[in-house]
Peer 1: 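To start, I am sharing the structure in question, which I have written as structure tokens.
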Amino acid sequence: LKRDYVPHREIPATPDLRRRYDVVIIGGGGHGLAAAHYLSKYHGIRNVAVLEKGYLAGGNTARNTTTIRSNYITNQSIRFYKEAVSLYEDMSHELNFNVMFSQRGQLTLAHSEATLRSFHLRAEMGKHHGTRISVVDPRQVKEICPHLNMDEGGQHEILGGLWHEDGGTARHDAVAWGYAAQAARRGVEIHQRTEVLGFDISGDKVSAIRTSRGTVSVGHVIQAAGGANQHVAKLAGIDMPIRCFPLQAMVTQPLKPFLHTLVSSANLHTYLMQSSRGEIVIGGGSDPYQLISTRSTLDIKEQLAHGAVQLFPFLHNVKLLRQWAGITDMTPDYTPIMGASPLRNYWLDCGWGTWGFKATPVAGKYLADTVANERVADILLPFSLGRFETMALINEMGATAASH
Ligand code: FAD
């Protein structure tokens, strides 16, 4: 480690609020902190405050299962997430902080011919953009993941897979702490336990932000409030096409290493990976109803356990250590909303639903670029809020499902 290494313990305690900031970022999750890092490091904008109503990165950044991949189906998404993956490849150097990026590959399973056909399309789209992705047959599936139950002749027979070698994981807390530490040492203020309660709006601009610790005037605002995005936007008078659903995950007791890739099955609504501690991290689809709650439920636990045991029957006696939930801000096309809003100095980083951890660096990079230049970065243009009026949707439902 270099001499200027800044561990997360050295992020300064919450200071008093200044009267004015050039940029206020709402939400101290990975996305808000990444934007703060890029603003301060690459654009020299340092009079920045990150306002976080709870504790640093305690929202979905703390709760996600950390899958990073770019195996989407549309040109816009693949281009965007491909850059996200390459930013992860260099992140530990960028932050001088070990984010434990582990590029172990992601295997998505096909249990039907129809799924295989859609995998061919995704693979060809990915190859076109230069990602490492291919359709594999059952023999290759077994080579990649020898302990899988292929269920030959059974209800969930594995007919092949989509093998995405670029896929991986990173330590979620380290990503947030790394960005926070880098931003803080360049003068960005991180205000924990500071909730945004409302806005003063003059004409088509936000002039001030009302918080639980006082009012601050502001040049630009970035909204990156995770599961509260719909609510916070409403405070600014912006109606977002977002609905909130809980998303749950769980981990088992540690086991000897046997699972060296990420494995997911949309049919079973289950995906698994083994953490560096040996725990099996198991995730799946969202709860089937809208709710703003982080409680976890028995029915999802049973569903995830069923999927996990179907794929790896020898897990049937393994004990669960923890189960938890986050509140995900889902859009109708399973694609984020980034860039301009109806207010001229209010920029959106929303709709990250069940898929936004992987986008943390690339969203932060281009949101910072957008604010610094007061012009939406080209790569973000397709993800505008306006696409819901023009119906230029970017449908990524199939690429998301339970596979993240
Ligand atoms: P958050 O980390 O939620 O940060 C937003 C912050 O805003 C919060 O800390 C919150 O307290 C704060 N805030 C809210 N309202 C206010 C307010 N009024 N004032 C001030 N602060 C406020 N994505 C992937 O890419 N891969 C995965 O494998 C994956 N798995 C997931 C598994 C689960 C169980 C869950 C819940 C999510 C998963 N996701 C995954 C999605 C991912 O976690 C999110 O999309 C991502 O973390 C969003 O980051 P963020 O910084 O935008 O939001």
Side-chain angles (χ1 to χ4, degrees), residues 65-75 77-79 81-82 84-85 102-169 249 257-274 280-285 303-316 334 354-355 358 394-404:
T65 46
T66 77
T67 304
I68 295 159
R69 62 184 175 86
S70 62
N71 53 357
Y72 285 76
I73 202 161
T74 63
N75 286 312
S77 301
I78 299 170
R79 191 159 80 104
Y81 291 112
K82 183 170 184 289
V85 171
S102 158
Q103 202 159 26
R104 60 184 87 166
Q106 189 205 23
L107 179 65
T108 311
L109 302 172
H111 304 278
S112 71
E113 294 293 340
T115 309
L116 264 183
R117 272 197 299 280
S118 76
F119 282 2
H120 279 287
L121 186 57
R122 274 168 73 182
E124 292 312 310
M125 289 296 292
K127 283 181 205 160
H128 175 69
H129 286 273
T131 54
R132 291 187 295 164
I133 184 164
S134 56
V135 176
V136 288
D137 62 23
R139 187 186 49 80
Q140 292 166 304
V141 167
K142 202 71 187 157
E143 274 167 23
I144 293 166
C145 192
H147 298 286
L148 257 179
N149 167 26
M150 301 300 286
D151 202 20
E152 281 144 12
Q155 195 188 353
H156 299 289
E157 179 166 1
I158 295 170
L159 302 181
L162 187 63
W163 174 229
H164 178 40
E165 275 182 83
D166 292 328
T169 59
F258 73 91
L259 184 55
H260 304 293
T261 64
L262 314 176
V263 175
S264 79
S265 161
N267 277 44
L268 292 165
H269 291 287
T270 307
Y271 61 93
L272 302 92
M273 71 198 72
Q274 190 161 21
I280 308 301
V281 180
I282 309 172
Q303 188 183 312
L304 296 180
H306 167 260
V309 172
Q310 169 67 36
L311 296 175
F312 299 100
F314 54 89
L315 292 180
H316 73 281
Y334 292 70
T354 63
W355 52 83
K358 66 181 72 63
I394 304 173
N395 187 353
E396 288 293 356
M397 186 180 186
T400 304
S403 42
H404 296 293

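Below, each value reflects all heavy atoms present in this structure, side chains not excepted, and no hydrogens, waters or symmetry copies.
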Peer 1: Please check this pair: side chain of H316 against backbone of P313, looking for a donor-acceptor N/O pair closer than 3.5 Å.
Peer 2: yes
Peer 1: So do the side chains of L162 and L107 get within less than 4.5 Å of each other, counting heavy atoms only?
Peer 2: no
Peer 1: I would like to know whether H306 and Q303 meet side chain to side chain contact (heavy atoms under 4.5 Å, CB included); could you show each step before the answer?
Peer 2: CA-CA 5 Å; H306 167 260; Q303 188 183 312; 5.8 Å; no
Peer 1: How long is the span from the CG atom in N267 to the CD atom in Q310, to the nearest 0.5 Å?
Peer 2: 10.5 Å
Peer 1: Might you point out which heavy atoms bring L148 and K142 nearest each other, and give the distance in Å?
Peer 2: O-NZ, 2.8 Å
Peer 1: Could you check if a side-chain atom of S265 sits within less than 4.5 angstrom of a side-chain atom of H156, using non-hydrogen atoms only?
Peer 2: no
Peer 1: Between Q274 and I280 (side chain of the first, backbone of the second, donor and acceptor by atom type, cut-off under 3.5 Å), is there such a pair?
Peer 2: no
Peer 1: Using every non-hydrogen atom in the two residues, find where K82 and T131 come nearest and quote the distance to one decimal.
Peer 2: CD-CG2, 3.6 Å
Peer 1: Could you tell me whether the side chain of Y72 reaches within less than 4.5 Å of the side chain of W355, counting heavy atoms only?
Peer 2: yes
Peer 1: Keeping H269 on the side-chain end and L304 on the backbone end, is there a donor-acceptor pair under 3.5 Å?
Peer 2: no
Peer 1: N149 side chain to L311 main-chain N or O, any donor-acceptor pair under 3.5 Å?
Peer 2: no
Peer 1: Decide side chain to side chain contact (heavy atoms under 4.5 Å, CB included) for T261 and W163; before the verdict, give the C-alpha distance in whole Å, the side-chain angles of both, and the deciding distance to 0.1 Å.
Peer 2: CA-CA 10 Å; T261 64; W163 174 229; 3.6 Å; yes
Peer 1: Would you say that R69 contacts Y81 through its side chain, given a criterion of any heavy-atom pair below 4.5 Å between the two side chains?
Peer 2: no
Peer 1: Return the CE to OG distance between M125 and S70, rounded to the nearest 0.5 Å.
Peer 2: 12.0 Å
Peer 1: Looking only at heavy atoms, what is the nearest atom pair of N71 and A399, with distance?
Peer 2: O-CB, 4.1 Å
Peer 1: With side chains defined as the heavy atoms from C-beta onward, is the minimum distance between T108 and F119 less than 4.5 Å?
Peer 2: yes
Peer 1: Tell me the closest heavy-atom pair linking A308 and L315, and the distance in Å.
Peer 2: O-CD1, 4.2 Å
Peer 1: Before you tell me yes or no, could you show the steps for M273 and S264 under side chain to side chain contact (heavy atoms under 4.5 Å, CB included), namely the whole-Å CA-CA distance, both residues' side-chain angles and the distance that decides it to 0.1 Å?
Peer 2: CA-CA 9 Å; M273 71 198 72; S264 79; over 6 Å; no
Peer 1: Any pair with a residue in residues 146-165 that passes salt bridge (charged side-chain N to carboxylate O under 4.0 Å, His left out), sequence neighbours left out, goes on the list, sorted by first then second residue, please.
Peer 2: R132-E165
Peer 1: Ignoring hydrogens, what is the shortest heavy-atom contact between N75 and H128? Give both atom names and the distance.
Peer 2: OD1-CD2, 4.3 Å
Peer 1: Could you tell me whether the side chain of Q155 reaches within less than 4.5 Å of the side chain of H111, counting heavy atoms only?
Peer 2: no
Peer 1: With rounding to the nearest 0.5 Å, note down the distance linking CG in L109 to CD1 in I158.
Peer 2: 4.5 Å
Peer 1: Please check this pair: side chain of T115 against backbone of E113, looking for a donor-acceptor N/O pair closer than 3.5 Å.
Peer 2: no
Peer 1: Y271 and T65: side chain to side chain donor-acceptor pair (under 3.5 Å), yes or no, with the steps?
Peer 2: CA-CA 10 Å; Y271 61 93; T65 46; 2.5 Å; yes
Peer 1: Are I394 and S77 packed together at the side-chain level, in the sense that at least one heavy-atom pair is separated by less than 4.5 angstrom?
Peer 2: yes
Peer 1: Just wondering, do V309 and F314 contact through their side chains at under 4.5 Å, heavy atoms?
Peer 2: no
Peer 1: Can you name the nearest heavy-atom pair linking H147 to F312, along with the distance?
Peer 2: O-CD2, 3.5 Å
Peer 1: Side-chain atoms of residues 133-140: list all donor-acceptor pairs with protein atoms under 3.5 Å, sequence neighbours left out, distances to 0.1 Å.
Peer 2:
from: D137; atom 1: OD1; to: R139; atom 2: N; distance (Å): 3.2
from: D137; atom 1: OD1; to: Q140; atom 2: N; distance (Å): 2.9
from: R139; atom 1: NH1; to: E143; atom 2: OE2; distance (Å): 2.8
from: Q140; atom 1: OE1; to: D137; atom 2: N; distance (Å): 2.8

Peer 1: Could you check E396 against T74 for side chain to side chain donor-acceptor pair (under 3.5 Å), going step by step and ending with a plain yes or no?
Peer 2: CA-CA 7 Å; E396 288 293 356; T74 63; 2.7 Å; yes
Peer 1: Taking atom CE of M150 and atom CG of L159, what is their separation to the nearest 0.5 Å?
Peer 2: 8.5 Å
